[in-house]
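By convention in this document, chain letters (A, B, ...) are assigned in the order of the sequence lines, proteins followed by strands, and residues within each chain are numbered from 1. Note that the structure is a prediction, hence the values are computed from the model and not measured.
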Number of protein chains: 2
Amino acid sequence: MALEHAILVSLLEKPGSGYELARRFERSIGYFWTATHQQIYRVLRRMESDGLLAVRELPQQSRPDKKEYSVVGPGRAALSRWLHESIQPESMRHDLAVKIRGAAFDDPSVLVREVERHRQVHSERLAHYLAGEQRDFTGPAAPPSLDAAQELQHVVLRGGIAYERMTIAWLDDVLDTLRRLGTAEPHA
Amino acid sequence: MALEHAILVSLLEKPGSGYELARRFERSIGYFWTATHQQIYRVLRRMESDGLLAVRELPQQSRPDKKEYSVVGPGRAALSRWLHESIQPESMRHDLAVKIRGAAFDDPSVLVREVERHRQVHSERLAHYLAGEQRDFTGPAAPPSLDAAQELQHVVLRGGIAYERMTIAWLDDVLDTLRRLGTAEPHA
DNA sequence: CAAAACATGTAAGCGGTTACATGATTTT
DNA sequence: AAAATCATGTAACCGCTTACATGTTTTG
């Protein structure tokens with residue numbers, strides 16, 4: 001149940017409402033953890049009733065009140081406890097790999113479009129990450145004055161960049177393979 | 001719901017029992033899709049009652065009967081339909097990345113051990129994949145006579161290899177970063 | 001004027017994990 | 001003698017997704 005922990009990290013970086021968190025989970029922290037607003041609202045309420053978070057209701061005219069959550073002592077302690085635990089290295093959940101192996105029992109070339117689409121998405125993500133890196137971790141303010149939080153955000157971002165580059169190269173390999181099979185053997 | 005599809009692929013490659021499938025999900029197909037035996041048994045029963053699979057009961061002396069499942073027409077059709085659908089590129093679910101960003105709010109050096117452990121696991125996986133590649137995709141039988149199924153299995157395995165290599169390199173980067181922060185700033 | 005953004009929620013259902021349960025056979 | 005393998009299941013729970021619901025304000 002790392003969603004709780006992802007929320008703790010995000011709220012420690014900056015307090016915010018459920019809505020704002022949902023938006024962050026579409027960017028930044030969402031690069032390696034996803035969540036929908038429904039779930040975020042539910043978990044926020046639970047975490048608040050568990051005493052991990054404090055709420056401040058910000059009344060707004062003609063809009064639902066905004067609830068700004070922030071981490072309090074027990075929340076910080078819970079995060080610290082989790083950091084000291086060991087988690088097992090994630091097991092993959094790669095639909096596309098299942099499809100590729102499955103293509104042996106159909107026409108492999110039906111996957112070409114699909115794989116091209118994935119490649120496109122990963123290219124865009126890579127470009128997006130690189131732009132973020134350029135913006136946040138280079139230039140005048142960067143080299144000397146990076147604090148721990150920024151250094152750690154940067155190394156995570158570098159991981160995302162490495163992942164996207166690796167994936168794009170692999171998808172090119174997949175496309176080559178599919179095309180070779182497509183021309184050599186018309187059908188299984 | 002790709003577990004169904006992963007099972008279809010695995011049973012098309014070779015019919016087998018729930019127990020055997022559970023073992024395959026610890027190796028081979030399990031490299032990019034995991035499942036426990038409980039779930040596999042449940043899904044197998046559902047797929048059989050949906051007419052995607054056929055069962056053959058193999059009575060055994062003094063052991064539960066073994067149920068050998070195999071894919072029948074509608075199952076093959078379901079797989080084919082899935083192959084023609086498009087799926088969205090997976091969103092990451094990377095606990096370790098959350099931890100790394102969270103380390104900014106605690107002592108970053110507490111993660112060194114953890115990251116080293118992960119690095120170790122990924123090294124072992126890489127060695128395992130490389131051994132499998134050596135065994136199945138090189139040597140006398142390999143170059144000329146690979147059929148489509150083998151080619152596709154190989155390209156998926158190459159993906160696993162690329163993933164592990166990338167991950168190991170990134171974890172080294174993470175370790176460097178954590179150690180630098182550990183010596184420079186004792187605590188947040 | 002329509003669409004997107006702001007802001008929060010309920011309800012149903014499924015996929016998956018964890019714990020519990022049984023019992024013989026083979027290996028160490 | 002103990003542990004691992006073979007072989008299949010039940011039950012409870014939880015995290016997460018999808019669909020539905022509401023209503024204003026800002027942007028194109």
In whole Å, what is the span from the [atom1] atom of [X] to the [atom2] atom of [N]?
X       : N      : atom1 : atom2 : result
A/Arg27 : C/dA5  : CZ    : P     : 12 Å
A/Leu44 : D/dC16 : CG    : P     : 13 Å
A/Glu20 : C/dC6  : CD    : P     : 9 Å
B/Glu68 : D/dA7  : CD    : C1'   : 14 Å
A/Glu26 : C/dA7  : CD    : P     : 14 Å
A/Arg46 : C/dG9  : CZ    : C1'   : 17 Å
A/Ile40 : D/dT18 : CD1   : P     : 14 Å

Which residue pairs pass the salt bridge (Lys or Arg N to Asp or Glu O under 4.0 Å) test with at least one member in residues 31-47 of chain B, sequence neighbours excluded?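 The answer is B/Glu4-B/Arg46.
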Not counting sequence neighbours, list each pair that qualifies as a salt bridge (Lys or Arg N to Asp or Glu O under 4.0 Å) and has a residue in residues 23-35 of chain B.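 Residue pairs with at least one partner in residues 23-35 of chain B: there are none.
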Tracing side-chain links under 4.5 Å among I, L, V, M, F, W and Y, which residues wind up in one group with A/Val72? none
Do any N or O atoms of the protein come closer than 3.5 Å to N or O atoms of nucleotides 18-20 of chain C, and which pairs are they?
{"residue": "C/dA19", "atom": "N6", "partner": "B/Gln38", "partner atom": "NE2", "Å": "3.0"}

Under 4.0 Å: is that the gap between some side-chain N or O of [X] and OP1 or OP2 of [N]?
X       : N      : result
A/Tyr41 : C/dT8  : yes
B/Tyr19 : D/dT8  : no
A/Arg23 : C/dC6  : yes
B/Arg45 : D/dT10 : yes

Under the ring-ring contact (aromatic ring centres under 6.0 Å, His included) rule, collect the residues that match up with [X], sequence neighbours excluded.
X        : value
A/His122 : none
B/His37  : B/Tyr41
A/Tyr31  : A/His128, A/Tyr129

B/Ser10 side-chain N/O to B/Ala6 backbone N/O, donor-acceptor pair under 3.5 Å: no
Does [X] have any salt bridge (charged side-chain N to carboxylate O under 4.0 Å, His left out) partners at least two apart in sequence or in another chain, and if so, which?
X        : value
A/Glu68  : A/Arg56
B/Asp172 : B/Arg119
A/Arg81  : none

Taking the minimum atom-to-atom distance to the side chain of A/Lys66, which one of C/dA7, D/dT8, D/dC16 wins?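 Looking only at heavy atoms from C-beta outward on A/Lys66, the closest nucleotide is C/dA7.
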Taking DNA chain D as the partner, which of residues 2-17 of chain B come within under 4.0 angstrom of it by heavy atom?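 Per residue number, the list reads B/Ser17.
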Scan residues 50-57 of chain A against DNA chain D and write down, sorted by residue number, each residue with any heavy atom closer than 4.0 Å; if none is found, say none. none
Let's go through B/Gln120 and B/Glu116 carefully: what are the C-alpha distance in whole Å and the side-chain angles of both, what is the deciding distance for side-chain hydrogen bond (donor to acceptor under 3.5 Å, both in side chains) to 0.1 Å, and is it a yes or a no? CA-CA 6 Å; B/Gln120 178 66 21; B/Glu116 282 171 346; over 6 Å; no
Residue whose closest nucleotide on DNA chain D lies nearer the 5' end, B/Gly18 versus B/Arg93: B/Gly18
Using 30° and 60° as the class limits, which term best fits the ring planes of A/Tyr163 and B/Tyr163: parallel, tilted or perpendicular?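 Answer is perpendicular, since the angle exceeds 60°.
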